[in-house]
Trainee: 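I'd like to ask some things about the structure below.
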Amino acid sequence: MPRPYEIERVRNIGIIAHIDAGKTTVTERVLYYTGITYKIGEVHEGTATMDWMEQERERGITITAAATSAEWNDHLVNIIDTPGHVDFTAEVERGLRVLDGGVVVFDAVAGVEPQSETVWRQADRYSVPRICFVNKMDRVGADFVRTQQMMVDRLDANPVAIQLPIGAEEHFQGVIDLTEMVCWTFGGEKGEEAICGEVPADLLVEANAARETLVEQIGNVDDQVAISYIEGHHVNGHELRTAIRRATLANTITPVLCGSALKNKGLQPLLDAVIDYLPSPEDVPPVKGVDANDGTEIERAADDDAPLSAVAFKIVADPYVGRLAYVRVYSGVLQSGAAVWNSAKGRRERIGRLLRMHANDREEVDALYAGGIGAAVGLKQTFTGDTLCDPDSQVVLEGIAFPEPVISVALEPRSKPDQERMADSLTKLSEEDPTFHWRFNDETGQTIISGMGELHLEVIVDRMKREHRVEANVGRPQVSYREAIRRPASAEGRFVRQTGGRGQYGVVELEIEPGESGDGFVFENRVVGGSVPVEYISAVRAGAEESLDSGPVAGYPVLDVHVALVDGASHAVDSSEMAFKNAAILGMRDALKHAQPVLLEPLMRIEVRVPEDHFGAVVGDLNSRRGHVVSQDTMGKLQIVNATVPLAQTFGYSTDLRSLSQGRATYTMEFDRYEPVPQSVSATLVERSAVGAV
């Protein structure tokens with residue numbers, strides 16, 4: 001079967017932004033103008049195509065990243081509409097991992113908001129070229145220039161305006177394209193008629209000055225334009241667009257466009273910009289991985305003739321076709337019915353069917369080519385971040401890192417049938433969402449579920465009830481505390497048992513020390529002379545890692561510990577893997593107690609936008625919650641307060657903030673870091689833990 005689109009005519013993009021900036025509204029217009037839908041869906045009416053889950057339509061927010069494909073100017077555009085709420089940041093993370101370019105949407109009134117910063121940093125981490133769309137230019141308070149300045153101040157970006165708005169607020173009419181110096185207005189019932197005309201005479205001077213600035217900015221990062229500019233040659237539209245593309249792909253600039261998605265203005269030029277400035281799969285560097293057999297680094301270019309390599313970036317339990325694995329093909333061709341190798345699990349898998357997704361609708365295809373995105377049916381053991389490759393040319397591509405959960409609640413099934421179904425439903429939900437964890441607490445008989453925030457867990461419980469028909473009583477949210485060590489320590493672990501017949505014998509000497517934040521568990525084997533046989537080293541490592549699940553202070557997981565096995569002893573007959581694993585657990589418990597363990601709590605970064613009249617009350621309330629005000633700023637008549645507050649003190653904050661400000665203040669909150677708990681609070685938590693209350 002021939003390739004439907006040449007690889008240079010493919011664009012894989014994500015729509016990313018802060019909550020309520022208008023990502024889904026932008027995507028709905030794109031689908032309408034590209035002919036995918038015949039009717040524009042609206043988020044506020046609960047009819048958005050991309051917000052297909054019941055929970056999304058009820059709340060008016062995006063919860064799960066939805067994929068779709070559209071055609072524009074003989075190009076195939078694969079689009080992933082990502083959530084903006086911080087509780088669902090993992091959806092953005094895995095989307096950016098497999099995308100080649102991004103469209104970052106900003107609210108022209110609010111400018112750069114906290115979650116905008118988070119998704120921008122995520123895009124930076126994956127070096128994703130992006131363009132910006134300043135949305136809601138029709139709203140009162142819209143300011144195109146201020147939003148660009150905020151990109152410089154908050155994101156350390158290099159925004160370059162390639163459009164000028166015609167009017168603002170209720171007078172917003174269209175945009176001026178500075179590359180071609182033409183005016184775009186939008187007619188028809190739903191803005192489907194993009195009308196190209198001359199720049200209005202009263203804006204000509206401003207437009208010429210803006211184009212001059214644009215050429216100068218591009219000249220700063222592109223030698224060809226710089227030479228033309230210095231020599232006084234006119235830089236035509238084609239030359240300018242080509243230079244903008246080069247600079248965008250190199251991540252030295254970010255083109256900025258504007259419009260109003262709700263009023264159907266500015267979307268067709270945005271689609272043109274996606275084609276003109278964002279990369280095709282062959283424009284991005286070859287993906288890097290390691291050989292599954294010898295660990296050497298290898299690269300895979302976006303080529304149909306290369307060996308197959310693909311990453312599964314999302315798992316979904318579809319009620320109609322079963323378990324779906326969303327995949328991005330980096331090289332080679334993924335064929336329907338083919339046998340592939342899961343190099344992360346070391347297992348052979350078979351592709352049942354291949355689908356091209358459109359939100360929750362689907363279209364069956366025979367193959368996915370290099371640079372393609374689709375979904376595979378029939379993969380039993382493949383999970384998020386796993387690599388699928390050619391069995392004869394095995395490679396492991398970089399996985400996807402996800403943050404640890406920070407909040408937990410207890411569940412109790414309401415009936416015996418619910419109890420039987422609960423484990424199955426929670427397993428399926430955790431397969432779909434790597435930031436959702438669950439475990440059964442033997443001491444209390446409760447099921448503990450953990451996630452990224454109250455809304456995250458609320459949606460999980462709602463999905464469990466609706467999709468899996470499991471009813472449960474839900475406890476109060478509880479903070480997922482962690483523990484850490486503050487100094488090095490060493491200890492011996494001895495597991496020696498003699499019960500008649502063959503015994504158990506394992507002795508290890510361990511040294512531990514605190515690691516850097518984010519290091520996680522690091523194990524090093526420093527044994528010389530074979531005092532611990534090689535075949536038992538993995539058992540020691542497993543025991544040491546398992547011991548970190550429950551710390552010495554209050555039984556919470558221990559973060560960022562470096563462990564070294566320095567010596568030990570074995571017995572020719574009685575030693576076993578189990579003996580050395582248990583010896584490591586005993587040694588770690590002893591070492592952790594002597595390493596100055598401390599309790600850590602998650603700190604949330606919070607931004608409050610409050611009218612000046614209520615500023616004092618809001619700051620006083622933050623201080624009473626053990627909050628620390630980091631900075632404050634002014635935007636119009638609003639005061640912006642940035643602070644860090646312990647997660648334990650934020651439950652019910654939205655209700656309290658409404659009463660403090662007569663409903664006029666708004667806030668956003670996201671996880672920042674773990675910090676040691678004050679001694680007085682730590683003592684209370686340890687006491688509660690001892691009696692089983694936590």
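Numbering of residues begins at 1 and proceeds along the displayed sequence. This one's a predicted model, so the numbers in the text were calculated from it and none came from an experiment.
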Trainee: Do any N or O atoms from the side chain of T387 and from the backbone of L397 form a donor-acceptor pair under 3.5 angstrom?
Mentor: yes
Trainee: How far does NE2 of H628 sit from CG of N642, to the nearest 0.5 angstrom?
Mentor: 11.0 Å
Trainee: Do W120 and T254 pass the side-chain contact (heavy atoms from CB on, under 4.5 Å) test, and can you show the C-alpha distance, the side-chain angles, and the key distance before you say yes or no?
Mentor: CA-CA 12 Å; W120 191 273; T254 307; 3.9 Å; yes
Trainee: Measure the spacing between CZ of R609 and CG of L657 and express it to the nearest 0.5 Å.
Mentor: 13.0 Å
Trainee: Roughly how far apart are H75 NE2 and Y5 OH, rounded to 0.5 Å?
Mentor: 9.5 Å
Trainee: Ion pair present between R605 and E607, side-chain N to carboxylate O less than 4.0 angstrom?
Mentor: no
Trainee: Are any of the side-chain nitrogens in R626 or E675 under 4.0 Å away from the carboxylate oxygens of its partner?
Mentor: no
Trainee: Just so I know, are the side chains of Y277 and L257 near enough to count as touching, which here means a heavy-atom distance under 4.5 Å?
Mentor: no
Trainee: May I ask you to decide if P279's main-chain N or O and R245's side chain share a donor-acceptor pair within less than 3.5 Å?
Mentor: no
Trainee: Roughly how far, to the nearest 0.5 Å, is the NZ atom of K263 from the CZ atom of R139?
Mentor: 10.5 Å
Trainee: If you measure from the Lys or Arg side-chain nitrogens to the Asp or Glu carboxylate oxygens, is any gap between D138 and K265 under 4.0 Å?
Mentor: no
Trainee: Assess whether a salt bridge exists between R625 and D656, defined as any Lys/Arg side-chain N lying under 4.0 Å from an Asp/Glu carboxylate O.
Mentor: yes
Trainee: Is any side-chain heavy atom of Y653 closer than 4.5 Å to a side-chain heavy atom of L622?
Mentor: yes
Trainee: Verify, without hydrogens or angle tests, whether N158 (side chain) and T252 (backbone) share a donor-acceptor contact under 3.5 angstrom.
Mentor: yes
Trainee: Indicate yes or no for a side-chain donor-acceptor contact from D560 to the backbone of D519 under 3.5 Å, with no hydrogens or angles considered.
Mentor: yes
Trainee: Looking at D222, L178, I218, which hits side-chain contact (heavy atoms from CB on, under 4.5 Å) with L240?
Mentor: I218
Trainee: Please report the shortest heavy-atom distance between L638 and P611, naming the atom on each side.
Mentor: CD2-N, 3.8 Å
Trainee: Without swapping roles, check the side chain of R673 against the backbone of P602 for a donor-acceptor pair under 3.5 Å.
Mentor: no
Trainee: Hey, what do you get for CG (L647) to CG (D672), rounding to the nearest 0.5 Å?
Mentor: 12.0 Å
Trainee: Decide yes or no for I244 and I162: does some side-chain heavy atom of the first lie under 4.5 Å from some side-chain heavy atom of the second?
Mentor: yes
Trainee: Closest approach of V128 and N251, non-hydrogen atoms and distance?
Mentor: O-OD1, 3.6 Å
Trainee: State, to 0.1 Å, how close S260 and F133 come at their nearest heavy-atom pair, and which atoms those are.
Mentor: N-CZ, 4.2 Å
Trainee: To the nearest 0.5 Å, tell me how far E8 CD sits from D283 CG.
Mentor: 9.0 Å
Trainee: Do you know which of V175, N135, I166, L270 makes side-chain contact (heavy atoms from CB on, under 4.5 Å) with C258?
Mentor: V175
Trainee: Quick check: does any side chain N or O of R154 sit under 3.5 Å from a backbone N or O of V112, one acting as donor and the other as acceptor?
Mentor: yes
Trainee: If we only count heavy atoms from C-beta on, is the Y674 to E601 side-chain gap below 4.5 Å?
Mentor: no
Trainee: P405 and S480: which non-hydrogen atoms are nearest, and at how many Å?
Mentor: O-CB, 3.8 Å
Trainee: So, E398 and R125, do they make that salt bridge, N to O below 4.0 Å?
Mentor: no
Trainee: Take W72 and V30 through the test side-chain contact (heavy atoms from CB on, under 4.5 Å) and record every step on the way to the result.
Mentor: CA-CA 9 Å; W72 184 256; V30 168; over 6 Å; no
Trainee: Find out whether P676 and L600 are in side-chain contact, i.e. whether some heavy atom of one side chain is under 4.5 Å from a heavy atom of the other.
Mentor: yes
Trainee: Could you tell me which non-hydrogen atom of S450 sits nearest to which non-hydrogen atom of L457, and how far apart they are?
Mentor: C-CD2, 3.7 Å
Trainee: Hey, mind stepping through K136 and F106 against side-chain contact (heavy atoms from CB on, under 4.5 Å) and telling me if it holds?
Mentor: CA-CA 8 Å; K136 303 188 180 183; F106 293 98; over 6 Å; no
Trainee: Between E169 (side chain only) and G141 (backbone N and O only), is there a donor and an acceptor less than 3.5 Å apart?
Mentor: yes
Trainee: Taking all non-hydrogen atoms of both residues into account, name the closest pair between I131 and A273 and its distance.
Mentor: CD1-CB, 3.9 Å
Trainee: Answer yes or no: is there an ion pair linking R130 with D124, defined by an N-O contact shorter than 4.0 Å?
Mentor: yes
Trainee: Examine R328 relative to Y326 and say whether NZ or CZ is less than 6.0 Å from the centre of the six-membered ring and inside a 45° cone about the ring axis.
Mentor: no
Trainee: Give a yes or no on whether the backbone of G371 and the side-chain of N12 come within a donor-acceptor separation of less than 3.5 Å.
Mentor: yes
Trainee: Hey, are the side chains of P269 and D177 touching, using non-hydrogen atoms and a 4.5 Å cut-off?
Mentor: no
Trainee: Report yes if some heavy atom in the side chain of W184 is under 4.5 Å from a heavy atom in the side chain of Q268; otherwise report no.
Mentor: no
Trainee: For D433 and R463, what are the C-alpha separation, side-chain angles and deciding distance, and is it a side-chain contact (heavy atoms from CB on, under 4.5 Å)?
Mentor: CA-CA 12 Å; D433 184 351; R463 289 188 62 194; over 6 Å; no
Trainee: Do T248 and I253 have side chains that approach each other closer than 4.5 Å (heavy atoms only, starting at C-beta)?
Mentor: yes
